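First comes the structure, then the notes that go with it.
Everything numeric here is computed off the predicted structure, so don't read it as measured data.
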Amino acid sequence: MTIENAQKDIIDNFLFFDDWTQKYEYIIELSKDLEFMSDNLKSEDNLIKGCQSKVWLHAEMINGKINFLADSEAIITKGIISILLNVFNNRKPQEILDSDMGFIEKIGLKEHLSPNRANGLSSMYKQIKFYALAFSKS
Amino acid sequence: MTIENAQKDIIDNFLFFDDWTQKYEYIIELSKDLEFMSDNLKSEDNLIKGCQSKVWLHAEMINGKINFLADSEAIITKGIISILLNVFNNRKPQEILDSDMGFIEKIGLKEHLSPNRANGLSSMYKQIKFYALAFSKS
Amino acid sequence: MNLSFNVEKIRQDFPILSKKINNKPLIYFDNAATSQTPICVIDCIKDYYEKYNSNIHRGVHSLSDEATSAYEDARNKVKDHFNIKYSEEVIFTSGTTHSINIVSNGFSKILTKDDEIIVSGLEHHSNIVPWQMMIESSGAKLKVIPLMENGELDMDEFANILSLKTKVVFLNHVSNALGLINPIEKIINMSHEKGAYVLIDGAQSAAHFKIDLQKLNVDFFTASAHKLCGPTGVGFLYGKKELLHRMEPLMGGGEMISDVTFSKTTYADLPHKFEAGTPNISGVIAFGRALDYLNEIGLEKIENYENDLLDYANSKLKQIEGLKIYGESKNKTSVISFNIEGIHSYDIGALLDKFGIAVRTGQHCAQPIMDHFGVDGTVRASFSFINTFQEIDDLFEALKKVKSMLS
Amino acid sequence: MNLSFNVEKIRQDFPILSKKINNKPLIYFDNAATSQTPICVIDCIKDYYEKYNSNIHRGVHSLSDEATSAYEDARNKVKDHFNIKYSEEVIFTSGTTHSINIVSNGFSKILTKDDEIIVSGLEHHSNIVPWQMMIESSGAKLKVIPLMENGELDMDEFANILSLKTKVVFLNHVSNALGLINPIEKIINMSHEKGAYVLIDGAQSAAHFKIDLQKLNVDFFTASAHKLCGPTGVGFLYGKKELLHRMEPLMGGGEMISDVTFSKTTYADLPHKFEAGTPNISGVIAFGRALDYLNEIGLEKIENYENDLLDYANSKLKQIEGLKIYGESKNKTSVISFNIEGIHSYDIGALLDKFGIAVRTGQHCAQPIMDHFGVDGTVRASFSFINTFQEIDDLFEALKKVKSMLS
Ligand SMILES: Cc1ncc(COP(=O)(O)O)c(C=O)c1O
Ligand SMILES: Cc1ncc(COP(=O)(O)O)c(C=O)c1O
């Protein structure tokens, strides 16, 4: 599945909800899907700046694709990370570099993209792209 | 004549004018009445801060009354000094301390009282009062 | 409950209160971050730009006279409101942060490495970082008034660290993170006995009760207009004349000098020495209007009403199981800083927003207090006289739903 | 004359132009001190306070998101307008004076007593006094580019004083007292060849023509919103990233740190490192709107029209006997600085005001230039695209009357 298709799937899932309660309950649900991240990976180096709750992101290159592990103290943030990893995990660096975040607006989470430093979605995406760039050069 | 009466006289004189041209022509006329101030009195010490054109004010106590000498580079400022000295020259310190500047508004020169540092009427009046205070204590 | 306070009428002065968030009426409980702006203040800004916008102090024309008079009127309003003796002791700044930096920078050339300064453990970063910068350049030592378990200042420890070496004591009047009112009268008197100067950061107090600076006999005081129903980008610093004369200015520029050649510059008199450059003219004038507005309502009435709101909110929120309030005390402004067990403050704030309720979450620019309580952050609901008891009920109901969603 | 420029239509955007002074229509020729404000900018401020006033960057609620987005949009507008590479190279300040102080303070810890800095003889006090303060703390030496008789910079002398010791060169793009446009491209290139950084004070240039900062390759640039149809109390500093990283901040506070304990503070990333405290949020957003407004008209059109105004005013004013213009040159913005023989500039300004004409008189915060010409002050009429040819005729007639009254 391409990144674009993964994003379309998410948009379709979200279309399903009539109100914000259902949407956020779904996000909270998704937070539980996140793959376990061991405490030793929750290092200063993996901490993403610019989020109000602590967010850790770890990346490794496996067979030409980037494998991400991430976690957060806040459930909603975790749910949003989960959405992001659904899209960007196990991708080739170039795929990530070619991607955009338009789908976030389409699923009604635009507020999380604001340059407001409280919610760190932009920072996470920046960091994901940063890893992609680094690995594409290595 | 009391200070109050001197101020009333000035108000009466100004009532006479229909438009600003006449008023300012009169002020320019008055500038020529200023008593001559010799250059050696135009010292740094006598310079009044806060006027755009240089204004010098010198004061001496003669027989219990304050004698002022003043000059300025700008004609309008000179005219206004002339009005001030008409009121405040040769007064006892206490008379000056008891006075106010309400008459300036009545003759339509309120703009010169603004805290704007370009026109220094407030600064001049402050300095006149300052001398009065100093002499009243000596 | 306070019946004499007509909150519905007052709310009509605030256009933003008709705003909908997520299709729900805005409930604004972030007053400690910034206050909302009454229409008279907004109109005052509009009026300035439509009728007498001009650079001030040196213009020869009528617009400049008009703008200068309005600007200096605002200075007199600040002077009167806070009962300051001389108008030249009122310095307009871009806000509390700027004010504190003026003082810390001014003292950086006065203090030496043998001197000590004292800060409270309750400070906003704006009252910590400037002093750290000062310490670096002066070598003076920093002592901290520790907190007691509930977050109040440990006054016994203050007495211990205060000495003849202490030169400046700086602390906030009210803590922004907790709303605690500090015993500043006591601190000022004790400090003065040792010859130390005191700076009070009034960012969080000035909106909530009347402050008499001559009576307090404090050396420096500062607040921000944007927390006082005024606009952003303006505040003031009060300082005793003789201290302001001794301090070097933080910034150089136009307005603040009386004589300039390339080899030498003479600073202008107070307050201009500290007001370099074109100031926030419309902001200063609107700040004056905001003080008028607060006085039209009456700060005493505001204080009483806000105390009632706080009591009510306390009693409601405590009904929520697992909710812990930080900094409980009798001496508080209308701020409640809390967490719910097992839930991250960010999650609470993000979901409350969906109910149209604006609270602040996180460290509130006061990391040392968070460290004291061993938390990462809190949810802070800060009430003001534009809020209603009904809104507190709404918060209570929303919190219950949020809690059940998140646990 | 420029016929494609519909000045009457543009004037309708400026509410203040319907003002009467002394019963005469306001003729505003003090644009170099502060520009007037179009209704779209005034409405933008009103909108902010009525619809989304909130503290920014750390709020979890929708209002804060909205205000933060608008604030950061403004940063991008400044970036685009001046063709800046990275948005974090745009620092919002309270104005040009503040910006220059950030740089002079930043360099005070970088320079040593073996270093030299160069300033032009044409500077505004805001670009002199901060550097004098810096020199005092760093010990670096100040060299001055002298003026030629007409007030233009003596570029031969500049080449002489520029050396490998020179670390910073700072000068204005356009002189506020005379309107002269300095050869900054040349100065930047020559300075870079010697390894010196250049700060350009664009307070008087940015309103009059398009400026491309990447093309200029300048190290620092600054301007004030209030001279660009924007509000008071806001401006920006552009700096190259690597230089901003090297400089210490002028002020400490909230927003500008990433980690605070009492023993240590870590500064936040750019641009926040230099934006301590709550900024002038409404001002910044309205500044962005003002740039939009200027772009809607088109800076090229503005430049052409203002050049025509200047030519016309020059030809008219020279008909007045005894009138002397300071700083004549082909490279000028629409400013005429003059005196009439035997008459004090203050008298001219005070009487012009009675005709409803606002000009500035005095030293224009540029005492060294006045010293150069051996005058105490001048009358400065500064024109902008809101002025008309008819208004210049009115000035001409008024000046003749003023002259006859005063001589
Ligand atoms: C050339 C120049 N530099 C600096 C300034 C100072 O700008 P501000 O007062 O907006 O800080 C001015 C404004 O008069 C100016 O004309
Ligand atoms: C106690 C305290 N001090 C200082 C500040 C900083 O004020 P400003 O951001 O207006 O400079 C704040 C504002 O949050 C505060 O609450």
Residue part contacting chain D, namely of P279(C), when any heavy atom lies under 4.5 Å: backbone
Expected contact set for residues 121-130 of chain C against chain D at heavy-atom separation under 4.5 Å reads G121(C), H124(C), H125(C), S126(C), I128(C), V129(C), P130(C)
Going by distance alone, is a donor N or O of one side chain under 3.5 Å from an acceptor N or O of the other, for Q36(C) and N53(D)? yes
Kindly say whether N31(C) contributes a backbone atom to a donor-acceptor pair with the side chain of S35(C) at under 3.5 angstrom?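 Looks like no, no N/O pair under 3.5 Å.
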D201(D) side chain to N172(D) main-chain N or O, any donor-acceptor pair under 3.5 Å?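 No, D201(D) side chain to N172(D) backbone: no donor-acceptor pair under 3.5 Å.
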Cut-off 4.5 Å, heavy atoms of chain C, and the answer for N101(D) is side chain
With sequence neighbours excluded, what pairs up with S54(C) under the side-chain hydrogen bond (donor to acceptor under 3.5 Å, both in side chains) test?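 If we apply the side-chain hydrogen bond (donor to acceptor under 3.5 Å, both in side chains) test to S54(C), skipping adjacent residues, there are no hits.
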Just so I understand: if I count every heavy-atom pair under 4.5 Å between each of [options] and chain D, which residue has the most?
options: N105(C), D30(C), L17(C); value: D30(C)
options: L63(C), V119(C), L26(C), I45(C); value: L63(C)
options: I100(C), V284(C), T96(C), V359(C); value: V359(C)

Is L352(C) close to F29(C) at the side-chain level, that is, under 4.5 Å between some pair of heavy atoms? no
Under 30°, 30 to 60°, or over 60°: which ring-plane class applies to H98(D) and H98(C), parallel, tilted or perpendicular? parallel
K19(D): what forms a salt bridge (charged side-chain N to carboxylate O under 4.0 Å, His left out) with it, not counting sequence neighbours?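 Partners of K19(D) under the salt bridge (charged side-chain N to carboxylate O under 4.0 Å, His left out) test: E66(C).
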For N55(C), the side chain to side chain contact (heavy atoms under 4.5 Å, CB included) test, sequence neighbours excluded, returns T278(C), I281(C), A33(D), T34(D), H226(D), R360(D)
